[in-house]
Amino acid sequence: KDILDYSEKKNVCAVLAGRSGASYVKELMIGSVTSELFTHSKLVPIWVVDHKVRSGNLLVAVDGSPGSRRVVDHVAFVMAGGKFDKITLLHIASKLSDYYPVDSSNKNKEMEDFIKKSDQSCTADFHHQALTLLQDAGIPPHQIDFRTIDSRWLVGKAIIEEAKKL
């Protein structure tokens, strides 16, 4: 709590936290400073560094929401000046089954198509806004990549799989 209070008072752009190497089970049982930061932070972004950073690439998972726009704005602010080789914005596309149990009727096919088109429209608008924010921060277009992949049951696993490709 003291770290977050200090960060908010000093208007810091992010808190970087390292992991102690404790197992996830141990962290669940007794907690950790990093997990407490995640639990209680409402205003200050928390960045966790788990191992030695070996890549000059940054992967940012986005969903087109106002929160994602704030994340891109934060990345643009922190990364102004081109400290990374490439910034990849990763969007995982929505589908009807993410919102509603699906049967094979034509009615659901129409709804699936509607959701897909809406998601594509939202993604295109978000893509434009994100590119503008990043380019206004001085990040050249050749360092910005925007990827969309199909929805997955385990979103976290999909993000990790994409990160390994960078």
Side-chain angles (χ1 to χ4, degrees), residues 3-4 6-19 34-35 37-100 102 110-166:
I3 295 170
L4 294 175
Y6 177 83
S7 301
E8 290 173 18
K9 285 178 189 168
K10 295 295 184 178
N11 198 26
V12 301
C13 65
V15 172
L16 279 81
R19 285 184 25 90
T34 303
S35 61
L37 288 169
F38 271 115
T39 302
H40 298 290
S41 180
K42 303 292 184 230
L43 300 173
V44 180
I46 309 298
W47 293 31
V48 177
V49 179
D50 194 13
H51 293 51
K52 182 177 180 180
V53 178
R54 295 184 186 98
S55 174
N57 300 319
L58 179 65
L59 178 67
V60 182
V62 296
D63 62 6
S65 68
S68 285
R69 188 186 181 289
R70 286 191 302 275
V71 168
V72 173
D73 186 49
H74 177 74
V75 167
F77 171 73
V78 171
M79 299 304 149
K83 296 170 183 73
F84 279 85
D85 297 331
K86 181 164 279 210
I87 297 171
T88 300
L89 302 176
L90 175 65
H91 172 70
I92 300 176
S94 300
K95 60 183 180 183
L96 179 59
S97 62
D98 294 338
Y99 306 101
Y100 182 79
V102 177
E110 291 171 14
M111 185 62 83
E112 182 76 43
D113 290 343
F114 173 78
I115 288 174
K116 185 175 183 178
K117 286 178 185 173
S118 295
D119 187 65
Q120 288 171 341
S121 175
C122 174
T123 301
D125 185 50
F126 180 82
H127 181 214
H128 174 73
Q129 290 178 27
L131 283 175
T132 300
L133 285 169
L134 294 169
Q135 289 176 352
D136 286 353
I139 300 167
H142 71 274
Q143 289 183 298
I144 304 167
D145 185 24
F146 195 90
R147 280 190 207 162
T148 298
I149 61 174
D150 291 332
S151 181
R152 310 275 174 83
W153 178 253
L154 299 173
V155 174
K157 185 176 180 182
I159 294 168
I160 291 170
E161 287 171 2
E162 290 298 313
K164 288 178 181 178
K165 293 177 185 177
L166 298 179

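- Here Ile87 contributes atom CD1 and Leu134 contributes atom CG; the two are 5.5 Å apart, rounded to the nearest 0.5 Å.
- Taken from CD1 in Ile139 to CG in Leu131, the straight-line distance is 10.5 Å, to the nearest 0.5 Å.
- Taking all atoms of both residues into account, the shortest heavy-atom contact from Glu162 to Arg147 is OE1-NH1, 2.9 Å.
- Taking the six-membered ring where the residue is Trp, Phe146 and His91 present parallel rings, their angle staying beneath 30° rather than reaching 60°.
- A side-chain donor-acceptor contact under 3.5 Å links Gln143 to the backbone of Asp85.
- The pair Glu161-Lys164 does not meet the salt-bridge criterion, since no charged nitrogen lies less than 4.0 angstrom from a carboxylate oxygen.
- Panel note: side chain Ser121, backbone Lys117; no donor-acceptor pair is recorded below 3.5 Å.
- The shortest distance between side-chain heavy atoms of Ile46 and Leu4 falls below 4.5 Å.
- Nearest heavy-atom pair, Ala76 versus Ala137, reported as atom, atom and distance to 0.1 Å: O-CB, 3.3 Å.
- Interatomic distance, NZ of Lys165 versus CG of Leu59, reported as 11.0 Å (0.5 Å rounding).
- Taking the side chain as every heavy atom from C-beta outward, Asp145 and Asn57 never approach each other to under 4.5 Å.
- The line from CE of Met79 to NE2 of His74 is 7.0 Å long, rounded to the nearest 0.5 Å.
- Atom CD1 of residue Ile149 and atom CG of residue Leu90 lie 5.0 Å apart, to the nearest 0.5 angstrom.
- With Asp125 as reference, Gln129 is the one residue of Gln129, His128, His127 to meet the side chain to side chain donor-acceptor pair (under 3.5 Å) rule.
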